[in-house]
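We use all heavy atoms of the structure for the numbers below, so side chains are in, but hydrogens, waters and symmetry mates are not. What you are looking at is a predicted structure, and each value in this text was computed from that prediction instead of being measured. Residue numbers start at 1 and run along the sequence shown.
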Amino acid sequence: MKLYTQSDNNWRNLGSRIMLVILSVALIVWFLPRTSGPQFRYDVGKPWMYGSLIAQFDFPIYKTDEAIKAEQDSINKYFEPYYNFSTKVEEEQIAKFKDDFREGIAGLSADYITTISQRLHYIYQRGVMRTTEYRKAFSDTTKTVRLVVDKTAQSVGMSSLYSEMSAYEELFTDEKLGHQRQLLQRCNLNEYIVPNVIYDKERSETERTDQLSGIAIASGMVLAGQKIIDRGEIVDKHTFRVLSSFEREMTRRSADNSTITSTVAGQTLFVGILMMLFTLYLSLFRKDYLEKMRSILMLYFFITIFPILVSIMMEHNVLSVYILPLAIAPIFIRVFMDSRTAFISHTVMILICAAAVKYQYEFIIIELVAGLTAIYSLRELSQRAQLFRTALLVTMASAAMYFALQLMQDNSITTMDHDMYKHFIVNGVLLLFAYPLMLVVEKTFGFISNVTLIELSNTSKNLLRKLSEVAPGTFQHSIMVGNLAAAIANKIDADAQLVRTGALYHDIGKMQNPAFFTENQAGVNPLEKMPRIEAAQIVISHVTEGIKLADRNDLPSVIRDFIATHHGAGMAKYFYISYQNEHPDEPVDKTLFSYPGPNPFTREQAILMMADTAEAASRSLSEYTEESIANLINRLIDNQVAEGFFRDCPITFLDISQAKQVLIERLKNIYHTRISYPELNKKNANPT
């Protein structure tokens with residue numbers, strides 16, 4: 001069997017973190033746009049901010065997409081579809097009519113057959129289309145079609161053709177036939193009117209495609225050595241098109257393997273340097289985050305996902321990157337970690353995103369201001385109103401910074417681009433989704449927010465309501481401990497809401513056997529009649545039972561840790577000492593009287609241990625004076641320090657000293673301690 005040492009474990013952890021950094025860099029570089037060559041910032045009506053630009057090669061002046069689309073629409077509008085004219089249809093239908101009525105039409109003379117045949121001949125010579133096609137094409141009365149007769153095509157107006165319906169009506173425009181309309185309608189003459197103008201789809205589509213493909217994508221040329229624009233000149237629409245064509249041609253010419261390889265190498269180096277600097281920051285200043293997989297996963301996730309989204313938006317020209325709520329990343333990092341890490345993460349993320357955008361200077365400035373505003377305005381996220389205020393401030397700050405940049409360049413409010421402010425408003429609205437997304441972040445990376453802590457602290461729901469019903473004494477004890485622990489946390493700048501919530505759940509295991517714990521007893525203690533080892537095991541079991549309850553009810557792991565550590569790896573001393581006294585000559589197995597632990601490993605867990613011990617022990621005082629309470633608190637906490645309960649957590653001697661003072665003051669207030677008033681000496685009493 002192979003034994004793994006601590007050194008092996010450290011190397012594995014280091015390897016996993018290196019792989020995470022490499023994966024992040026690879027994903028970001030994979031999605032970054034493959035742009036090369038100079039990138040300029042210019043707009044119509046604005047001065048050219050760079051030096052004189054000379055064409056290095058011949059290139060066409062490409063038409064704008066709008067111009068090409070207008071030409072395509074014009075071709076589609078005036079395009080003449082092809083229709084084949086069939087002479088056989090007329091011959092077949094007139095012959096069929098004469099054959100069906102060879103005996104004549106009842107009630108009419110024989111010359112009516114000739115008249116109807118002549119009218120049918122006239123209609124067929126003009127041409128008959130299907131009614132559906134005719135209605136669709138006739139929406140434009142000026143529409144013409146190409147009518148192919150015996151391999152000869154000629155343009156014919158729609159007004160000269162008939163539909164099946166209009167051809168039937170045309171029969172009765174003859175005065176002779178019109179007088180006998182009612183009688184002739186019984187003959188179903190419409191059956192002899194069949195389309196003889198048939199749409200030629202293949203030929204029409206081929207001709208349309210040829211005409212569309214013949215549209216020139218360029219109009220004019222720029223020759224090598226020709227000046228395009230000089231510094232300070234105003235960019236007009238034509239110059240804008242020339243500059244766009246120059247950049248397009250530069251991109252096309254650089255799209256070879258060597259250039260792409262060079263671009264990818266540069267992007268990899270750029271992203272890699274920034275990611276290494278961020279990792280170096282963690283290793284130097286926040287090693288605790290670097291050691292927790294959930295922390296680095298969340299940090300690298302945000303630094304990776306937003307550059308990918310920006311790259312996709314830029315690659316496909318989807319909306320504006322300013323719509324993307326990049327400030328949501330520092331909000332989450334600030335809420336779950338700290339403000340300095342939030343700022344560093346946001347800065348690295350923005351610098352990487354800048355590699356994908358065109359106007360880098362403007363993008364970096366605006367997004368940095370937005371991130372700083374989010375960090376400063378939101379210390380915690382426990383109410384929707386807090387996020388609404390932050391979203392409003394971020395929107396205002398982004399708009400104000402954009403206005404300042406525009407004012408520096410344009411010097412005129414009337415010529416500024418005001419459409420960008422709509423993007424900032426949409427960004428602010430999307431930022432509000434941070435509230436529901438917080439639950440997703442918590443579940444994904446294993447963090448816990450104040451929103452969740454406040455929900456867990458609701459004493460009218462689930463476990464806490466059951467605790468108040470089954471073990472009311474324990475419930476009151478938990479509330480008292482929570483208040484004491486929160487007061488200490490506020491004093492030493494720890495997480496008061498976290499420790500208060502942990503205190504409410506730390507003794508839920510007592511619900512299994514509430515009568516065995518003194519705070520739930522009414523004068524009778526069943527433990528007194530039990531063997532000391534068995535009694536100790538029942539008392540100790542409230543920790544393990546509490547952990548089981550926490551697991552069954554899906555309590556967050558951070559709350560579960562409070563249950564496991566509030567007694568640490570200490571002992572049930574009352575039963576241990578009693579057993580020793582009863583068996584003086586017998587060796588004692590201390591593990592039978594020891595809690596499973598572990599000892600506290602966070603400041604909040606240490607605070608809970610001190611508050612829990614102090615509140616429980618204070619009930620045993622015979623009198624509540626300032627001296628007795630102070631002696632009790634100092635003795636209890638000094639013993640905890642001496643026994644090494646706080647060796648694994650980052651709590652300082654100053655924190656412990658301040659915790660003592662808070663406990664003493666709070667317990668004095670709880671038990672209403674007063675100074676002892678002197679009694680009047682009867683010898684000196686005034687008889688009056």
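- Side-chain atoms of Ser166 never come within 3.5 Å of backbone atoms of Tyr162 as a donor-acceptor pair (strictly under, hydrogens ignored).
- Ser213 contributes a side-chain N or O that, together with a main-chain N or O of Thr209, makes up a donor-acceptor pair within less than 3.5 Å.
- Taking the six-membered ring where the residue is Trp, Tyr300 and Phe278 present perpendicular rings, their angle passing 60° and hence far from 30°.
- Within the 4.5 Å cutoff, no side-chain heavy atoms of Ile193 are placed close to those of Phe97.
- Ring centroids of Phe101 and Tyr112 are separated by 6.0 Å or more, keeping the two rings apart.
- Atoms CZ and CG, on Arg208 and Asn76 in that order, are 5.5 Å from each other to the nearest 0.5 Å.
- The closest donor-acceptor contact from the side chain of Ser204 to the backbone of Tyr82 lies under 3.5 Å.
- The minimum heavy-atom distance between Thr64 and Arg241, with the atom names listed, is CG2-CD, 3.6 Å.
- How far CZ of Arg334 is from OG of Ser345: 12.5 Å, rounded to the nearest 0.5 Å.
- For the pair Ile198/Val89, no side-chain contact is recorded, criterion being any heavy-atom separation below 4.5 Å from C-beta on.
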Evaluation steps, side-chain contact (heavy atoms from CB on, under 4.5 Å), between Glu90 and Ile123
CA-CA 9 Å; Glu90 177 187 348; Ile123 291 170; over 6 Å; no
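- Going from atom CD of Glu442 over to atom CG of Leu437 covers 11.5 Å, rounded to the nearest 0.5 Å.
- We find that Asp99 and Lys96 are not joined by a salt bridge, their nearest charged nitrogen and carboxylate oxygen being 4.0 Å or further apart.
- In this structure a side-chain-to-backbone donor-acceptor pair under 3.5 Å is present from Asp174 to Leu177.
- Looking at heavy atoms from C-beta onward, Phe246 lies out of side-chain contact with Val222 at the 4.5 angstrom threshold.
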Under the criterion side-chain contact (heavy atoms from CB on, under 4.5 Å), I'd like the reasoning laid out for Cys353 against Glu367: C-alpha separation, chi angles, the key distance, then a yes or no.
CA-CA 10 Å; Cys353 289; Glu367 293 298 343; over 6 Å; no
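- Annotation for Thr304 and Leu27: closest pair CG2-CB, 4.1 Å, computed over non-hydrogen atoms.
- Checking Asp111 against Thr114 by side-chain atom types alone, no donor-acceptor pair falls below 3.5 Å.
- Here the side chains of Tyr168 and Gln185 are in contact, with some heavy-atom distance below 4.5 Å.
- For Phe57, the CZ atom counts as densely surrounded, since its 6.0 Å shell holds more than 12 non-hydrogen atoms of other residues, nucleotides or ligands.
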Show your working on ring-ring contact (aromatic ring centres under 6.0 Å, His included) between Phe403 and Tyr421 and close with a plain yes or no.
CA-CA 9 Å; Phe403 177 77; Tyr421 298 106; 7.2 Å; no
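- Taking NZ from Lys143 and OH from Tyr134, the interatomic distance works out to 14.0 Å, rounded to the nearest 0.5 Å.
- At least one donor-acceptor pair under 3.5 Å links the side chain of Glu164 to the backbone N or O of Thr131.
- No donor-acceptor contact under 3.5 angstrom links the side chains of Tyr78 and Gln211, judged on distance only.
- No hydrogens or angles considered: nothing links the side chains of Ser52 and Arg231 as a donor-acceptor pair under 3.5 Å.
- The backbone N or O of Ile113 lies less than 3.5 Å from no partner atom in the side chain of Lys98, so there is not a single donor-acceptor pair.
- Leu184 approaches Ile116 most closely through the heavy-atom pair CD2-CD1, 3.9 Å.
- Here the side chain of Ser245 pairs a donor or acceptor atom with the backbone of Tyr62 at under 3.5 angstrom.
- To the nearest 0.5 angstrom, Leu393 atom CG is 10.5 Å from Ser398 atom OG.
- Residue Met396 places its CE atom among 12 or fewer non-hydrogen atoms of other residues, nucleotides or ligands, all under 6.0 Å distant.
- A donor-acceptor pair under 3.5 Å is absent between the side-chain atoms of Ser74 and the main chain of Ala70, judged by distance alone.
- Contact check for Pro195 versus Glu133: no side-chain heavy atoms found under the 4.5 Å cut-off.
- With no hydrogens or angles considered, a side-chain donor-acceptor pair links Arg119 and Thr173 at under 3.5 Å.
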Stepwise, does the side-chain contact (heavy atoms from CB on, under 4.5 Å) test hold for Met438 with Phe332?
CA-CA 8 Å; Met438 179 165 291; Phe332 283 138; 3.9 Å; yes
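- Closest heavy-atom contact between Gly127 and Val197: CA-CG2, 3.6 Å.
- More than 12 heavy atoms of other residues, nucleotides or ligands sit less than 6.0 Å from atom CZ of Arg146.
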Evaluate the criterion side-chain contact (heavy atoms from CB on, under 4.5 Å) for residue pair Cys187 and Ile105; output intermediate values, then yes/no.
CA-CA 8 Å; Cys187 299; Ile105 300 173; 3.8 Å; yes
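- For the pair Asp200 (side chain) and Asn84 (backbone), a donor-acceptor distance under 3.5 Å is absent.
- If you take CD1 on Ile94 and OH on Tyr124, they are separated by 7.5 Å, rounding to the nearest 0.5 Å.
- Inter-residue side-chain proximity for Gln226 and Asp58 is flagged as unmet; no heavy-atom pair is nearer than 4.5 Å.
- Residues Leu405 and Tyr361 have side chains in contact (heavy-atom distance under 4.5 Å, counting atoms from C-beta outward).
- Using a cut-off of 4.0 Å between Lys/Arg side-chain N and Asp/Glu carboxylate O, Asp73 and Lys69 are scored as salt-bridged.
- Side chains of Tyr322 and Asn427 form no contact here, defined as non-hydrogen atoms less than 4.5 Å apart.
- Ring pair Tyr402/Phe424 is perpendicular by interplanar angle, where above 60° counts as perpendicular and below 30° as parallel.
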